[in-house]
Amino acid sequence: FFRTLREFCSRSYPSAIRHDLKTSVDMESAAGPAVCLGAPPPPPPASPSFLATPASRPAHTHTSPAGEPGLAHPAVEALARLAAHEPNEHLLSSLARAHPSSLAPLAEAASGAVPPNAPHGSEVAAALAQDAALELLLLFASSADLTLKRLLASSPLVLPRLVGVIAGAGTQPPPAVRRSASILQHLASVHGHRQYFRAYEPTLAQLGSMHSQLQPDVPMILNQVLSELSVNV
């Protein structure tokens with residue numbers, strides 16, 4: 001399915017896209033049990049090849065932190081285009097649950113980082129991918145799917161990359177900073193999620209006091225995050 005995302009998004013028929021997407025989700029659902037909230041998650045399935053993280057690749061393969069150059073970013077943008085059609089939101093959430101290891105490259109794309117020695121024009125591609133990745137992460141974090149929220153909060157890259165975007169507000173696009181804070185707020189609102197935030201609470205508290213360096217509403221959101229964490233132990 002993931003290998004044909006760009007082809008799907010080149011069509012102008014949302015209903016056909018939804019049909020193909022639903023077929024893929026149904027196949028994923030039939031392939032294995034769903035993750036249950038409160039129970040240890042099963043071993044994650046392998047990431048699609050263009051979203052695989054470096055640890056899952058042979059040592060001689062040279063890739064960016066977000067996956068194969070030229071493939072990870074277009075894939076993230078394709079997913080975001082699918083998410084623009086509301087009927088696809090549930091199906092995309094189901095795919096994220098079926099492929100939790102793909103949340104890591106989404107988080108990498110959300111950071112807006114450009115790999116060293118990247119070709120000319122990579123900054124533009126990274127900015128587009130960042131916007132798309134944050135849109136997807138916000139979609140997942142704001143859903144009613146507690147299992148998906150737990151997968152996001154427990155991912156080794158999602159929280160540090162989002163906090164990093166806020167901490168780098170001087171060089172990050174203001175909408176990316178605000179959206180990162182909103183994602184954190186959604187994740188912090190779930191009971192039991194403080195365990196995932198503990199390492200970042202001092203940084204969030206410091207950022208929440210930086211009223212002059214952040215947009216006016218961002219410190220307020222961060223303080224709401226800390227407030228949510230204090231009751232959602």
*Looking at side-chain heavy atoms only, is the closest gap between Leu103 and Leu106 below 4.5 Å?*
yes
*Calculate, to the nearest 0.5 Å, the distance between atoms CD and OG belonging to Gln195 and Ser154 respectively.*
8.5 Å
*Do other residues, nucleotides or ligands put more than 12 heavy atoms under 6.0 Å from Gln206 CD?*
no
*Side chain to side chain, Ser180 and Gln172, heavy atoms closer than 4.5 Å*: no
*Expected output: side-chain Ser93 to main-chain Glu89 donor-acceptor under 3.5 Å*: yes
*asked:* Testing the basics here: between Leu137 and Ala107, what is the closest heavy-atom pair and its distance to 0.1 Å?
replied: CD1-CA, 4.4 Å
_Closest approach of Leu148 to Asp145 (non-hydrogen atoms, all atoms of both residues)_ = N-OD1, 3.0 Å
*asked:* Within the 4.5 Å heavy-atom criterion, are Phe140 and Leu151 side-chain neighbours or not?
replied: no
*How long is the span from the OG atom in Ser230 to the CD atom in Glu228, to the nearest 0.5 Å?*
8.0 Å
_Give me the atom names and distance for the closest heavy-atom approach of Leu184 to Phe197._
O-CZ, 3.7 Å
*What distance separates Glu77 CD from Leu136 CG, expressed to the nearest 0.5 Å?*
10.5 Å
*Over all heavy atoms of both residues, which pair between Arg150 and Tyr196 is shortest? Give the atoms and the distance, please.*
CG-OH, 3.7 Å
*Are Arg97 and Ser94 close enough, and set up right, to give a side-chain hydrogen bond (donor to acceptor under 3.5 Å, both in side chains), and what steps lead you there?*
CA-CA 5 Å; Arg97 287 197 309 273; Ser94 298; 3.3 Å; yes
*Output the distance between atom CD1 (Ile221) and atom CG (Leu207), rounded to the nearest 0.5 Å.*
12.5 Å
_Closest non-hydrogen atom pair, Leu139 against Ala83_ = CD2-CB, 3.9 Å
_Between Arg194 and Glu201, is there a side-chain heavy-atom distance shorter than 4.5 Å?_
yes
*Gln130 (side chain) donor-acceptor with Ala110 (main chain) under 3.5 angstrom*: yes
*Would you indicate whether the side-chain heavy atoms of His186 and Leu152 approach each other to under 4.5 Å?*
no
*Determine, step by step, whether Leu222 and Met210 satisfy the side chain to side chain contact (heavy atoms under 4.5 Å, CB included) criterion, reporting the C-alpha distance in whole Å, the side-chain angles of both residues, the deciding distance to 0.1 Å, and the verdict.*
CA-CA 10 Å; Leu222 295 180; Met210 296 171 59; over 6 Å; no
*Should side-chain heavy atoms under 4.5 Å link Ile, Leu, Val, Met, Phe, Trp and Tyr, which residues sit in the same cluster as Met220?*
none
*Do Leu128 and Leu138 sit in the same hydrophobic cluster, where Ile, Leu, Val, Met, Phe, Trp and Tyr count as joined when their side-chain heavy atoms come under 4.5 Å apart?*
no
*Between atom OG of Ser182 and atom CG of Asp217, what is the distance when rounded to the nearest 0.5 Å?*
7.5 Å
*Check the pair Leu162, Leu134 against side chain to side chain contact (heavy atoms under 4.5 Å, CB included), reporting the backbone distance first and the verdict last.*
CA-CA 9 Å; Leu162 294 175; Leu134 287 171; 3.8 Å; yes
_Closest heavy-atom pair and its distance - Val218, Ile166_ = CG1-CG2, 4.3 Å
_Looking at Gln215 and Pro174, would you say the former's side chain and the latter's main chain have a donor-acceptor pair under 3.5 Å?_
yes
*Measure the spacing between CD of Gln185 and CG of Leu229 and express it to the nearest 0.5 Å.*
10.5 Å
